[in-house]
Amino acid sequence: MRARIILMSIAVALLLQAIAIFAQDPPLDGRDGRQLLLENFRPQTTLQVQPTVLHGAKFPAIDVHSHFRIRLKHSPEQLDEFVKVMDRQRIAVCVSLDGQLGENIDEHAKYLLTKYPSRFAMFANLDWQGTGKAGEPATWDCNRPDFPRRMAISLKDAKERGCLGLKIFKGFGLEYKNTDGSLLKIDDQRFDPIWQACAELKFPVLIHVADPLAFFQPIDEKNERWEELHRRPEWSFYGPQFPKHEELLAAFHRVVERHPKTIFFGAHMDGQAENLPAIAAVLERYPNLNVELASRIAELGRQPHSARKFLIKYQDRVLLGTDGPWPEERLKLYWRFLETEDEYFPYSEKEFPPQGFWQIYGMHLPDEVLRKIYFENALRILPGLREKYEQAARTMK
Ligand SMILES: [Zn+2]
């Protein structure tokens with residue numbers, strides 16, 4: 001009996017020692033012959049290339065893709081701070097895509113426009129859920145037969161409350177469901193009256209379809225955004241429960257085709273910044289389609305020759321969007337990307353590249369192209385911006 005207790009205590013002691021040794025294992029930092037964890041990788045470039053110093057956008061800009069309700073949560077202090085950033089970076093007007101509907105629009109307008117009437121504009125959003133319960137799609141408003149008609153009325157009201165267009169979030173196609181639990185289809189003809197109403201109201205529709213292609217691929221050693229998906233597995237849309245990337249885009253483009261009088265923005269470079277020939281093909285085919293740059297300079301800047309040709313060829317169809325408000329350092333990278341010839345620079349202020357493990361190259365676009373991307377295209381497609389823009393830009397010359 002005593003021998004067994006001694007043996008047991010020796011075993012326990014050995015086990016504790018083993019745990020202690022394991023716990024003291026040095027980090028996988030690649031030093032002294034150790035392996036290196038991808039998340040510990042911090043390579044510093046040895047290239048001797050000079051960064052260009054810019055003082056804001058070359059021409060007072062309009063950012064057509066920003067989120068002032070989602071990101072600033074209606075904090076007045078943060079708004080004041082960000083307007084100072086806009087002044088320094090020469091962003092004349094930001095379009096907040098978070099207007100929502102009804103009285104929520106008034107609340108958002110009060111937040112943005114009371115102090116800064118010329119610096120902000122708003123897009124409305126549909127309310128798919130209404131008073132329905134989160135996990136019960138059958139109770140959602142979008143599954144009631146009069147949903148499109150009522151939304152059309154709400155959008156008319158949104159226009160009267162000051163909105164200039166409609167923003168659709170990526171949940172349409174990837175999250176919102178039919179009564180039977182299947183995902184709503186982007187080209188479901190039920191929703192045609194909504195797109196129709198947008199044409200009548202002259203309400204452009206900015207729609208976020210799909211997500212980066214890597215998010216639709218397995219999270220494995222071949223995935224070029226493995227590090228990001230490993231950190232945020234909920235961003236993955238890989239698997240039989242999700243439509244394929246190309247199916248989502250094809251459905252969206254069928255809507256664009258069926259509604260030639262409705263103006264669409266394919267947000268985030270039409271959801272396919274990895275495939276510029278495919279964007280070119282749909283821009284050629286659908287004159288009512290435009291694209292914007294938000295959160296895609298990482299993607300464009302790693303294919304600098306193709307991207308420059310693309311931006312010059314489709315200079316009338318591309319608008320500035322940033323997905324901000326962002327830290328000032330991030331915004332500076334948009335100007336650096338569009339305006340300079342700089343080589344191999346980070347696309348984000350974060351220490352570890354958050355959208356793929358690479359760096360980018362500047363486009364060095366001619367002034368007439370910059371002018372279109374920065375503000376002329378926005379003023380043509382969203383004429384409601386002109387008065388605000390002219391007022392705000394006057395102080396920035
Ligand atoms: Zn966005």
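Start at 1 and go down the list; that is how both ligands and their atoms are numbered. For the single chain, residues carry numbers from 1 onward in sequence order.
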*Aromatic ring centroids of H74 and H108 under 6.0 Å?*
yes
*Run through R225, H230, R231 and flag the one making a side-chain hydrogen bond (donor to acceptor under 3.5 Å, both in side chains) with E227.*
R231
*Everything protein-side that's N, O or S and under 2.8 Å from the Zn ion (ligand 1): list it, residue and atom.*
H65 NE2, H67 NE2, D323 OD1
*For L37, what are the other residues in its hydrophobic cluster, where any two members join if their side-chain heavy atoms are less than 4.5 angstrom apart?*
L28
*asked:* Does anything in residues 233-250 form a side chain to side chain donor-acceptor pair (under 3.5 Å)? List the pairs, not counting sequence neighbours.
replied: R232-E234
_Taking side chain to side chain donor-acceptor pair (under 3.5 Å) as the cut-off, I'd like each qualifying pair that reaches into residues 335-345, sequence neighbours left out, listed once._
T52-D342, Q89-W335, R336-D342, E339-Y374
*Only one of Y111, F123, F82 forms a ring pair (Phe, Tyr, Trp, His ring centres under 6.0 Å) with F68, so which one is it?*
F82
